[in-house]
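A quick write-up on the structure given underneath.
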2 protein chains.
Amino acid sequence: MLDERKKKVLQAIVEQYINTAEPVSSNAIICHNGLDCSSATIRNEMAELEKNGYLDKTHTSSGRIPSEKGYRYYVDELINDNDISKEEIKYISSKLETKVNEIEDLTKIAANTISEITHYTTVSIGPKTNNQIIEEIKFVLLGTRMMMAVILTDTGLVKETIIKFDEDITPKQVETINYMFNNKLKGQPIETIDRPLEEYLYDEMTYSVNVIKPIIEQIKKVLEEDEKIYLEGANKSFDLPEFNSLEVAKNFVSILDTKELMSDMLNSGFAEDINVYIGEENEKEELKDFSVVTFKHNVNGKNLGTIGIIGPKRMDYSKVISVMKYINKKLNENKDM
Amino acid sequence: MLDERKKKVLQAIVEQYINTAEPVSSNAIICHNGLDCSSATIRNEMAELEKNGYLDKTHTSSGRIPSEKGYRYYVDELINDNDISKEEIKYISSKLETKVNEIEDLTKIAANTISEITHYTTVSIGPKTNNQIIEEIKFVLLGTRMMMAVILTDTGLVKETIIKFDEDITPKQVETINYMFNNKLKGQPIETIDRPLEEYLYDEMTYSVNVIKPIIEQIKKVLEEDEKIYLEGANKSFDLPEFNSLEVAKNFVSILDTKELMSDMLNSGFAEDINVYIGEENEKEELKDFSVVTFKHNVNGKNLGTIGIIGPKRMDYSKVISVMKYINKKLNENKDM
DNA sequence: TTTAGCACTCTTTGTTATCGACTGCTAACT
DNA sequence: AGTTAGCAGTCGATAACAAAGAGTGCTAAA
């Protein structure tokens with residue numbers, strides 16, 4: 001455990017370093033509230049904090065910067081998780097009140113708002129289809145050889161896809177397909193569609209495989225499809241001093257470009273929490289120089305979207321966590337939307 | 001007009017500079033095919049080419065680099081627009097044979113292929129709705145207060161949107177709406193939807209504005225909606241030496257991030273051509289340090305997508321233009337898809 | 001336990017010198 | 001007249017060195 005003064009010194013260093021991105025000297029923090037002692041005393045405290053792994057030096061005669069352990073302690077013990085102004089609350093509310101027709105858009109708006117307030121890059125993905133219950137499934141004929149399938153789930157998620165055929169389809173066939181699929185699938189979890197083809201064909205000998213097969217294959221394809229990943233404020237990060245190294249900047253762009261990486265990053269977090277990964281805490285090698293904060297927008301255990309911030313380890317954790325907490329709360333209030 | 005030797009010198013300099021990104025010295029090109037004279041002669045030619053504006057110097061004692069006028073001459077007169085290998089042709093064909101259900105995906109695949117072969121960043125947008133003829137418009141009830149509208153056009157473009165209502169909708173109402181809209185809109189250009197609301201309401205006094213109004217508003221919204229812009233290989237550009245300057249790299253990311261800029265860039269080109277904009281030839285201030293090559297995928301004067309490459313002025317124009325020409329040809333062959 | 005003071009360390013910045021690549025020009029050559 | 005060899009001159013890149021400045025660690029006194 002750290003004594004009170006050490007906590008204050010650590011907090012002062014972390015917060016100052018977050019602000020300035022420069023190593024913090026003993027002189028620079030003596031004026032920090034609650035710390036009225038000389039720079040020499042601070043130096044002694046800093047030396048000890050460094051010995052215990054909370055601080056790092058860039059070289060022997062430099063000021064100190066927080067180590068990952070230091071950031072972690074700050075996030076766990078010293079953070080202000082209500083660091084959000086009235087104006088920000090107002091702005092968030094107004095943004096989230098936007099009428100949306102698809103849930104996916106709500107996630108995008110939330111991600112955009114977070115990026116605007118925190119000035120960090122956000123990454124988001126839409127709802128996960130698993131766990132969702134099929135409320136309705138509809139087939140619509142478009143022309144003569146094209147069909148659209150629309151699936152509506154209990155959380156209001158809508159998935160649609162186009163299916164093409166090698167033969168003409170009659171309206172009567174569509175009607176039967178509608179009846180048949182709804183009969184089998186209504187009220188079932190969406191994964192049910194993944195069952196073997198034969199099951200669907202048992203009682204419907206009149207329907208050729210030519211019609212049913214492409215339908216099921218296409219629907220499965222759409223449901224399994226790579227989630228679309230939305231970026232907000234990718235270029236905001238470039239204004240930060242840590243991105244002044246070309247290598248880091250390049251690396252960052254390439255990370256954002258790697259969809260699987262972003263997808264894994266967002267999906268790995270725990271459900272009902274704000275997840276903070278600092279540097280080496282990230283599972284993925286590529287992210288070990290960054291910090292990532294994520295949260296999931298859940299309703300009744302069903303995921304309606306996940307939003308993550310990716311930025312330097314020197315991230316304004318107070319602001320980021322405060323804003324995320326508030327937006328998460330707001331999203332849950334608006335369940336009925 | 002340039003005499004034969006000057007053409008050869010210019011071509012050698014442009015091609016070598018494209019390869020190496022280093023100013024080209026007189027010594028470096030004497031071995032170039034068809035040029036058997038001394039470096040001193042080349043120097044004289046280079047001096048004259050510079051006087052005429054085809055070449056630039058970075059400083060007094062450096063080699064030469066092509067000026068924008070030099071690139072332009074190269075593109076117009078010296079280019080090999082069939083610079084494409086058998087393997088590349090094979091690869092392109094295999095990629096374009098991918099079965100797609102929506103035309104938009106075809107543009108994406110083409111853009112992806114171009115980026116893979118040229119190693120430059122590509123930008124693409126899907127079909128434009130204007131000029132398209134409505135072939136069919138369908139409304140499907142989802143639940144009780146939600147409806148999906150699907151519009152199919154003559155080129156196979158499918159647009160769909162969700163509409164929410166404040167009151168319950170009956171299947172009978174949907175049937176009438178389907179009839180009513182198809183009656184009015186089938187065979188009409190898609191812009192017809194933009195006509196004033198009253199026209200639709202004339203003969204349908206039984207339908208409350210509460211139902212018709214949100215439908216038309218939402219459809220109009222979707223049709224006017226910002227086109228989605230797809231990027232491929234954004235990070236490929238970062239391996240080029242011109243992006244070693246942090247300022248340029250930052251600039252580039254911010255350009256790619258600006259949707260209106262990208263949209264204008266793609267939309268400005270002429271229809272049936274490969275459009276090449278070199279540096280200052282770009283209308284947009286932000287692009288004046290880059291070169292842009294675009295082409296539109298058109299069928300019967302209807303735009304089904306536009307693809308652009310954005311890269312350094314030192315772009316491999318031969319390769320880029322060859323690949324684009326070939327892909328454009330291929331896309332037009334596959335009209336029926 | 002705290003603090004003043006000072007030697008020491010290390011980065012940053014600026015200066016100067018040197019090397020090497022290329023051009024431009026002149027004079028000779030075909 | 002066109003071409004070429006040769007050489008002086010220019011400029012960028014690199015390295016070596018000096019000086020300044022910021023900050024620490026340690027020691028000894030309060």
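Lettering follows sequence order; numbering is per chain, from 1.
The side chain of B:Arg5 places an N or O atom within less than 4.0 Å of a non-bridging phosphate oxygen (OP1 or OP2) of D:dT3. Under 4.0 angstrom from either OP1 or OP2 of C:dG24 there lies at least one side-chain N or O belonging to B:Arg64. Contact annotation: B:Ser26 reaches the phosphate of C:dT23 (side-chain N/O to OP1 or OP2, under 4.0 Å). The side chain of A:Lys57 places no N or O atom within less than 4.0 Å of a non-bridging phosphate oxygen (OP1 or OP2) of C:dT11.
B:Asp36 has its CG atom 9 Å from the P atom of D:dT4, to the nearest Å. In this structure, the CD atom of A:Glu50 is 10 Å from the C1' atom of D:dT24, given to the nearest Å. Atom CG in A:Leu55 sits roughly 11 Å away from atom P in D:dG25 (whole-Å rounding). If you take CD of B:Glu48 and C1' of D:dG2, they are 12 Å apart, rounded to a whole angstrom. Note: CG (B:Asn44) to P (C:dC22) measures 17 Å, nearest angstrom. If you measure from atom CD of A:Glu45 to atom C1' of D:dT24, you get 16 Å, rounded to the nearest angstrom. Distance, A:Ile42 CD1 to D:dG25 C1': 15 Å, rounded to whole Å. Residue A:Met46 contributes atom CE, which lies 16 Å from atom C1' of D:dC26 at whole-angstrom precision.
Position along DNA chain D of the nearest nucleotide to A:Ser62 versus B:Ser38 favours B:Ser38 as the more 5'-ward residue. A residue-by-residue look at B:Cys37 and A:Thr60 shows that B:Cys37 has its nearest nucleotide of DNA chain D further toward the 5' end. Comparing B:Ser61 and B:Ala40 along DNA chain C, the residue whose closest nucleotide (by nearest heavy atom) sits nearer the 5' end is B:Ser61.
Considering only the side chain of A:His59, C:dT11 comes nearest among D:dT24, C:dT3, C:dT11.
Checked by distance alone, A:Arg43 brings a side-chain donor or acceptor within 3.5 Å of a matching partner on the base of C:dG5.
Applying the side-chain contact (heavy atoms from CB on, under 4.5 Å) test between B:Thr121 and each of B:Leu240, B:Leu256, B:Ile255, B:Ile309 identifies B:Leu256 as the sole match.
Checking B:Tyr277 against B:Glu283 by side-chain atom types alone, no donor-acceptor pair falls below 3.5 Å. In summary, the side chains of A:Asn112 and A:Lys95 do present a donor paired with an acceptor at a separation below 3.5 Å, with no hydrogens or angles considered.
Between the side chain of B:Glu68 and the main chain of B:Glu280, a donor-acceptor pair closer than 3.5 Å is present.
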task = Would you check, one step at a time, whether the test side-chain contact (heavy atoms from CB on, under 4.5 Å) holds for A:Lys236 with A:Tyr120?
result = CA-CA 6 Å; A:Lys236 281 178 189 155; A:Tyr120 292 112; over 6 Å; no
